[in-house]
2 protein chains.
Amino acid sequence: MAKDAKPTINDVARLAGVSKKTVSRVINKSPLLNDATRSKVEAVIAEIGYVPNPQARALALRRNFLIGLIHDNPNAQMVLGVQEGILETIRDTEFALVVRPVDRHSPQLLDDIRHFIEQQRLFGVMLLPPISENDELADMCRKLGCTVVRMGSAALDKSEHLVASNDRQAVADAVFWLSELGHRRIGFIAGPQGFRSARERELGFADGMARAGLTIDPALMERGTYRFESGLAAGDRLLAVDPPPTAIFSSNDEMAAGFLHRALDKGLKVPGQISIIGFDNTATAAHIWPPLTTVQWPIKAMARAAAHKLIDPLEAASQPSIFLSDLIRRSSADAPSA
Amino acid sequence: MAKDAKPTINDVARLAGVSKKTVSRVINKSPLLNDATRSKVEAVIAEIGYVPNPQARALALRRNFLIGLIHDNPNAQMVLGVQEGILETIRDTEFALVVRPVDRHSPQLLDDIRHFIEQQRLFGVMLLPPISENDELADMCRKLGCTVVRMGSAALDKSEHLVASNDRQAVADAVFWLSELGHRRIGFIAGPQGFRSARERELGFADGMARAGLTIDPALMERGTYRFESGLAAGDRLLAVDPPPTAIFSSNDEMAAGFLHRALDKGLKVPGQISIIGFDNTATAAHIWPPLTTVQWPIKAMARAAAHKLIDPLEAASQPSIFLSDLIRRSSADAPSA
DNA sequence: TTGTAGGCGTTATCAA
DNA sequence: TTGATAACGCCTACAA
């Protein structure tokens, strides 16, 4: 091999006194190999620091060692957390992570993604919510010979292809905790229709109220868009109800922040007069005043598990697929003042 | 070609009645080509929908059509904004974006990145602050045959390899604007030593004060860590100074949010008694109360320009490299109350 | 258990 | 201006 060229499979074969194919078998952990041959080859590999060329493998196998992360911007922290989690898993493997933000309302969504997968010959893709809820998309990826793992807030798929948080239970637990603190009039700000996460959190709210033996007052049920402004609007309405709620569960932090602003605008004491719980644990949650109590997905652990399912489909079923979320207790929720 | 197989260069050559090499020349826009031949080949390409296989090109050229995004998590919005900007530029090209979060304090930082670039045979890399300030890293990438573009807050490199915001001027303008509002006692929360952005913003503060004909009171100069908690601490000290400042420029939003909390804790009216300006326009800035006036980088435009410089080095010099930031005026800064 | 020949889809070399 | 032939580094099929 030339001085600065990287060693190839031919160098290894020559130095080990075997054929290329034998080296190839070692690399690919073929079972039918003499142990002595294997160790001899492995020794040479270690000695000269040989690393298989992923481009050549990609060409020969017609499959690239790339994992695609496809998402429509759920929230920045989540996306970055997922990227870091995937990377922790694929570090020291030949895989790399390629990202693909998309617009889920684009009419060419499927064509774009198909082209992306075909062109890059992706090994697998990870779908983030909310587009992970698109069954047609998942099917298409599979037809393209791509392993798929979906992340979501409920069991969207078989466990080999899924990592999900149990939003329903997390919300139920949080609401029940509010009842234990002494809250009786608990309101809810739902997410937009059509989002699975929104649906699960609604069900969780109902579960929690039922478990606490509380009845749901329709006047305290609002629906938002997951955006800050809709939290403001929900605040306008909820805080005008008589008698007022003493606690609100918001289906995400952004709306919770909006609601909180309205509560402070109206001079309410938080959490004395009104407690607030959000969902997501975004950076904002920790930086608003008072700091927001919120539900947090174990994003990185989920992403690590998802990456395992992706690069090692045989082990996929043994990786956990349902993850429990934590309630991060800060100052925005406490017992109602007497 | 088989029914579901993608057409290859051979199919094009056969159908057009020319050699593979000629097709290759068309693909690569070789100048020495008969126009008639070229259009004949292009017609066939369009007809059968031929797309060159990136893996094969990568093998033959010993260079992959991948752009690496290397960063140490400056802030989530910035990283995602950059990803989107790069993607807008490389959409419909054969390039893909592969991400690599790193730990800038890791002793193996350089080795890790070297291995990453060599293994994936990256075409180019984009370095985000603060690791974009690492000259040794940039040099190494170049030695590896990788084009490099750095993003930063000042002229770190030649313009072909740089996109930078003019932080110094943006801060100076913001501070001057405060003076025009009638502020005389203006404080400053600096970022941590060793960050170029922190240094530039400090210089900008001095520039703005000088332009306004104001003197800097050392008691109103604090240094933070870019973290929320350091903003709280700065608030404790700055708000205890007598006479107090009427406005504060914080070198980032997170510290501004901390400072704001302290101000509200102490019962101060914002902006009446104390105005606050931050830097970055993070999601938090829009969601705290009152909404934070802040400086915003044109992240996406910068990322688009950077991607152009990366994939088209010949045009690199003609792309802009210095970008002006905007002051996003919200409610946290206004004239001091009389 | 190991090796040989040929192919994956493209580009480089060099001659025509 | 074009084309035949040999890389690029690995894998599959088949043979030994």
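Just so we're on the same page: letters track the sequence lines, and every chain starts at 1. From a predicted model like this one, the values you see are computed outputs, not experimental measurements.
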Find which nucleotide of DNA chain D each of B:Arg62 and B:Pro31 is nearest to by heavy atoms, and output the residue with the more 5' nucleotide. B:Pro31

If each of B:Lys21 and B:Ala60 is mapped to the nucleotide of DNA chain D with the nearest heavy atom, which maps nearer the 5' terminus, i.e. the 5' end? B:Lys21

Would you call A:Arg91 and B:Asp112 a salt bridge, using N to O less than 4.0 angstrom? yes

Looking at A:Thr8, I'd like to know whether one of its side-chain N or O atoms comes within less than 4.0 Å of OP1 or OP2 on D:dG9. no

Between [options], which one does the side chain of [X] approach most closely?
X	options	result
A:Ile9	C:dT11, D:dC11, D:dT2	D:dC11
A:Thr37	C:dT2, D:dG9, D:dT12	C:dT2
A:Thr22	C:dG9, D:dT2, C:dG3	C:dG3
B:Leu59	C:dT2, D:dC8, D:dT2	D:dC8
A:Ser19	C:dT10, C:dT4, D:dC11	C:dT4

Side-chain donor or acceptor of B:Lys20 under 3.5 Å from a matching atom on the base of C:dT10? yes

How is B:Leu33 classified with respect to the nucleic acid when contacts are heavy atoms under 4.0 Å: base, sugar-phosphate, or nothing? sugar-phosphate

Spacing of B:Leu32 atom CG relative to D:dT1 atom P, expressed in whole Å: 6 Å

Could you check B:Arg25 against B:Pro52 and say which one's nearest nucleotide on DNA chain C is further toward the 5' end? B:Pro52

